[in-house]
Protein chains: 2
Amino acid sequence: MNMPAARRPLTVPEAVAAGFSLDNCPIRDVLNRIGDKWSMLIVVTLGAGPCRFSALKRALPDISQRMLTQTLRDLQRDGLVARAVFPTVPPSVEYSLTPLGLSLLPPLAVLVEWANASHDAIRVARAGYDAEGV
Amino acid sequence: MNMPAARRPLTVPEAVAAGFSLDNCPIRDVLNRIGDKWSMLIVVTLGAGPCRFSALKRALPDISQRMLTQTLRDLQRDGLVARAVFPTVPPSVEYSLTPLGLSLLPPLAVLVEWANASHDAIRVARAGYDAEGV
DNA sequence: CAGCATCCCAGTGGATACTG
DNA sequence: CAGTATCCACTGGGATGCTG
């Protein structure tokens with residue numbers, strides 16, 4: 001007998017075929033977060049271990065504290081990052097990945113590998129495309 | 001002797017540690033494309049097979065032709081999508097994935113699986129976070 | 001059919017200054 | 001230290017209308 005298709009993770013074509021191309025879908029949701037400028041950089045940075053606010057700011061040299069705070073809040077809201085406040089003076093706050101956040105690292109690593117492996121090809125393609133335009 | 005680390009694909013922490021957090025890096029580049037609203041949807045749609053412009057528009061119900069054209073051009077520029085013009089009357093244009101574009105499908109599928117598997121957890125986390133705010 | 005051109009709005013993200 | 005508050009510029013992206 002065939003398994004009920006809806007109970008296992010959808011493959012890419014299946015997801016599209018099933019009408020998940022709109023924003024009712026997990027993929028869009030996840031892609032939005034992955035796509036923003038800082039989320040994944042923060043996730044991989046925290047992947048190396050828990051980190052305090054100021055340490056994160058140092059690790060991400062060109063992020064503004066506004067975006068750091070905001071992105072951290074978003075990640076926390078999505079359950080990817082945990083925030084621990086130690087009521088010392090001055091206050092210290094430590095951020096870390098939750099189990100859910102940790103589980104994102106492997107898929108992300110796959111993507112990063114592809115990015116590294118394909119970057120040269122992409123640059124060549126761009127150069128060729130742009131050259132034609134002249 | 002130890003291998004020169006720079007010659008193999010970087011892992012996520014390595015990439016960050018190596019100072020690739022800025023925009024000199026492949027990852028940013030790829031994440032930008034992945035993050036935009038339509039690129040990946042088009043890629044997975046073309047993953048099912050070559051497709052004409054109007055067919056793509058039908059497959060992606062809520063995309064505007066402006067964004068379809070533009071995203072297609074970007075993907076073509078990056079060497080992920082090929083554009084074949086058949087000089088018939090009226091003209092027909094077929095889009096398809098290049099080998100490079102095809103090679104992106106598996107990494108993407110991994111991410112989609114994660115998205116499907118984690119979506120519920122994310123929704124729960126959000127609900128919990130938002131509830132506290134009350 | 002497969003686009004390009006134009007206009008316009010909303011959201012994203014940067015800079016800066018201030019606070020518990 | 002770890003934020004919040006304001007202001008502002010840029011651009012992604014939608015709507016519409018025209019063309020080879």
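All values below were derived from every heavy atom in this structure, side-chain atoms included, with hydrogens, water molecules and symmetry-related copies excluded. These numbers were taken from a predicted model, which means no experiment stands behind them.
Regarding contacts with the backbone of D/dC1, every side-chain N or O of A/Ser92 stays at 4.0 angstrom or more from both OP1 and OP2. For the OP1/OP2 pair of D/dA2 and a distance below 4.0 Å, the side-chain nitrogens and oxygens of A/Arg52 include at least one atom meeting the criterion. Note on A/Thr69: every side-chain N or O is 4.0 Å or more away from OP1 and OP2 of D/dG3. The side chain of B/Arg73 places no N or O atom within less than 4.0 Å of a non-bridging phosphate oxygen (OP1 or OP2) of C/dA2.
Five base pairs at each end of the helix from C/dC1-D/dG20 to C/dG20-D/dC1 define two local axes, and these are offset by 50° (rounded to 10°).
A straight line from NZ of B/Lys57 to C1' of C/dG3 spans 9 Å, rounded to a whole angstrom. Between A/Gln65 atom CD and D/dT4 atom P there is a gap of 11 Å when expressed in whole angstrom units. Here C/dG3 presents its P atom at 8 Å from CG of B/Leu68, a figure rounded to the nearest Å.
A/Phe86 comes within contact range of no nucleotide atom at all, as no heavy-atom separation falls under 4.0 Å.
Within 6.0 Å of the CZ atom in A/Arg73, the count of heavy atoms belonging to other residues, nucleotides or ligands exceeds 12.
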Protein-nucleotides 10-13 of chain C N/O pairs closer than 3.5 Å?
unit_1	atom_1	unit_2	atom_2	d
C/dG13	OP1	A/Lys37	N	3.0
C/dG13	N7	A/Arg66	NH2	2.9
C/dG13	O6	A/Arg66	NH2	3.4

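Note on B/Asp29 versus A/Arg126: salt bridge recorded, some NZ/NE/NH1/NH2 to OD/OE distance being below 4.0 Å.
Of all non-hydrogen atoms in A/Thr71 and A/Ser39, the two that sit nearest each other are CG2-OG, 3.4 Å.
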